[in-house]
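Structure, as structure tokens:
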Amino acid sequence: MVKVEVPQGAASLVLAPGVTFLQEEESVFEAMVQGWSAQMIGGRGLQRRSVAAVVSTVRRFQASTSEWPWRWSPQLFDEWMTDRVRTRALAPTTIRSYQYAVRSFCTYLCSEHYGWVAECEERFGGHPSQIYHEENTAQHLQGYEGRPGRRPLSRDELQKLFDQADAEVAARLDAGRKGAVIAYRDATLLKVVYSWGLRANEAAHLDVTDFYRNPHAAQFGDYGVLQVRFGKASRGGAPKRRSVVSLFDWAVEAVVDYIANVRPLVVKSASSAASNALWLTERGTRLQARDVADRFGFYRDELGLDPALSPHCLRHSYVTHLIEDGVDPRFVQEQAGHVYQSTTGLYTAVSGDFKNKMLHDAIRAVLPTNPGGQRQ
């Protein structure tokens, strides 16, 4: 006898066949959501947090329309999306995330592998269908859809940011005020985020043991490579790891000094769970991504920079400055952890001086030469 394996999330696994419920429509919808979650977590191996986000979107769609999946239609979906755009002014990326969630749920319900079409026809005389199609999909019309203010910092702005953070340390020490250690942490943190091209969450999860030797850069000692363990995940998967080669001797010197002389002043109060964390709060707990944003925001506002700037601008600056300095784009892509070169291109916003130099070089390359070999 051949054993037929029932797929994770099948209707028969989460809904007893033939059973009638007091609130049948609500019970079947809950079973659908439960089965979909099981398919994403158990079958596809997605992270629970990502699954919770898309499930929440589907629940909001159902609650807003007061209709059940076997009665959903493209028109109903269009009306809901119109309301989101008009009343909430949501960003294009958010709109697409909503569309992705509903599309994924409908694809799951309509699949022949899970049995929901037959289940709904038997119970309600109707069945779910795919309500997401090309005509009601937000098109990706441009490469960058983030906030215009979120740009790379110029080299001058970057230097001012570092100087402001260092000045805060000096001011607290000179005045005998509390917080000099934390201010030193902040100054080093900002330099690390830029110098290794990190996201805020990646920086927050760093441990002191994440630095390694690079045999090709012995001058950096034990700090030649940074192992990023909590890189951005893809479509709900596990965090990606990547190795980032150290490039700036001044940044390595700052980290070495911080670990040797500053971090020990707060590590005694650290909890066992955070004792290895590179960045600690005054209470000895691990710094969080939102804390990184708060500390960056403090110095940004002190300098009077655009409030739209975030720690991610330091990562954009890292990519941009390396490209301006003539570093191989493929190497920059690996450093940033981008799967596609086009993504690295979106991070690159070279300065006017750099563009002018490239234009000048391009013009000189095509100018005709006179018989003596000189450009005319």
Side-chain angles (χ1 to χ4, degrees), residues 1-84 93-140 233-238 339-340:
M1 180 177 180
V2 178
K3 182 179 179 181
V4 178
E5 185 175 346
V6 180
Q8 191 77 262
S12 59
L13 293 179
V14 293
L15 192 66
V19 175
T20 302
F21 301 93
L22 292 177
Q23 296 178 310
E24 189 166 28
E25 293 177 325
E26 181 178 342
S27 298
V28 171
F29 175 68
E30 289 300 321
M32 287 175 166
V33 171
Q34 180 183 344
W36 185 41
S37 299
Q39 181 246 24
M40 288 188 287
I41 296 173
R44 296 165 58 188
L46 302 185
Q47 296 292 303
R48 292 183 180 274
R49 183 174 62 178
S50 299
V51 170
V54 293
V55 166
S56 176
T57 297
V58 168
R59 288 190 182 278
R60 288 199 299 272
F61 174 53
Q62 189 283 320
S64 178
T65 60
S66 299
E67 286 290 357
W68 305 105
W70 48 93
R71 291 198 287 268
W72 287 352
S73 66
Q75 293 79 9
L76 199 66
F77 180 64
D78 293 347
E79 292 172 1
W80 184 67
M81 292 306 303
T82 300
D83 177 70
R84 302 298 98 174
T93 50
T94 304
I95 292 296
R96 264 196 298 279
S97 72
Y98 285 5
Q99 293 176 342
Y100 166 77
V102 175
R103 179 189 67 182
S104 179
F105 185 58
C106 290
T107 298
Y108 160 73
L109 295 180
C110 296
S111 173
E112 62 182 12
H113 301 294
Y114 300 104
W116 287 110
V117 170
E119 189 72 35
C120 290
E121 287 179 339
E122 180 181 343
R123 289 178 180 272
F124 309 113
H127 60 80
S129 60
Q130 180 57 266
I131 62 175
Y132 173 99
H133 51 79
E134 184 176 353
E135 284 73 22
N136 64 358
T137 300
Q139 299 298 312
H140 200 153
S234 295
R235 291 193 176 276
V339 176
Y340 304 106

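Note that the numbering runs from 1 along the sequence shown for the chain. Computed from a predicted model, the values in this text were never measured in an experiment.
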For [X] and [Y], work out which heavy atoms get closest and say how close.
{"X": "C106", "Y": "I131", "result": "SG-CG1, 3.9 Å"}
{"X": "W72", "Y": "E67", "result": "NE1-O, 3.0 Å"}
{"X": "P69", "Y": "M32", "result": "CG-SD, 3.9 Å"}
{"X": "H127", "Y": "C120", "result": "CA-CB, 4.0 Å"}

[Y] side chain reached by [X] side chain, heavy atoms, under 4.5 Å:
{"X": "P128", "Y": "F105", "result": "no"}
{"X": "W70", "Y": "W116", "result": "no"}
{"X": "R71", "Y": "F124", "result": "no"}

Would you confirm whether [X], through its side chain, and [Y], through its main-chain N or O, come within 3.5 Å as a donor-acceptor pair?
{"X": "S37", "Y": "V33", "result": "yes"}
{"X": "S111", "Y": "T107", "result": "no"}
{"X": "Q130", "Y": "R103", "result": "yes"}
{"X": "S56", "Y": "A53", "result": "no"}

Original post:
Does the side-chain contact (heavy atoms from CB on, under 4.5 Å) test come out yes or no for V117 and E121, once each step is laid out?
Top reply: CA-CA 6 Å; V117 170; E121 287 179 339; 4.0 Å; yes
Original post:
For S64, which residues count as a side chain to side chain contact (heavy atoms under 4.5 Å, CB included) partner, sequence neighbours excluded?
Top reply: W80, R84
Subject >> Sequence-distant partners of F29, ring pair (Phe, Tyr, Trp, His ring centres under 6.0 Å), two or more places apart >> reply: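 In terms of ring pair (Phe, Tyr, Trp, His ring centres under 6.0 Å), with neighbours along the sequence ignored, F29 is linked to W68.
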**OP:** Please list, chain by chain and in numerical order, all residues satisfying ring pair (Phe, Tyr, Trp, His ring centres under 6.0 Å) with Y114, sequence neighbours excluded.
**Re:**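 Y114 satisfies ring pair (Phe, Tyr, Trp, His ring centres under 6.0 Å) with Y108 only.
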**OP:** Could you please spell out the steps behind the side-chain contact (heavy atoms from CB on, under 4.5 Å) verdict for Y100 and Y132?
**Re:** CA-CA 9 Å; Y100 166 77; Y132 173 99; over 6 Å; no
Subject >> Nearest-0.5 Å distance, OG1 of residue T57 to CZ of residue R60 >> reply: 4.0 Å
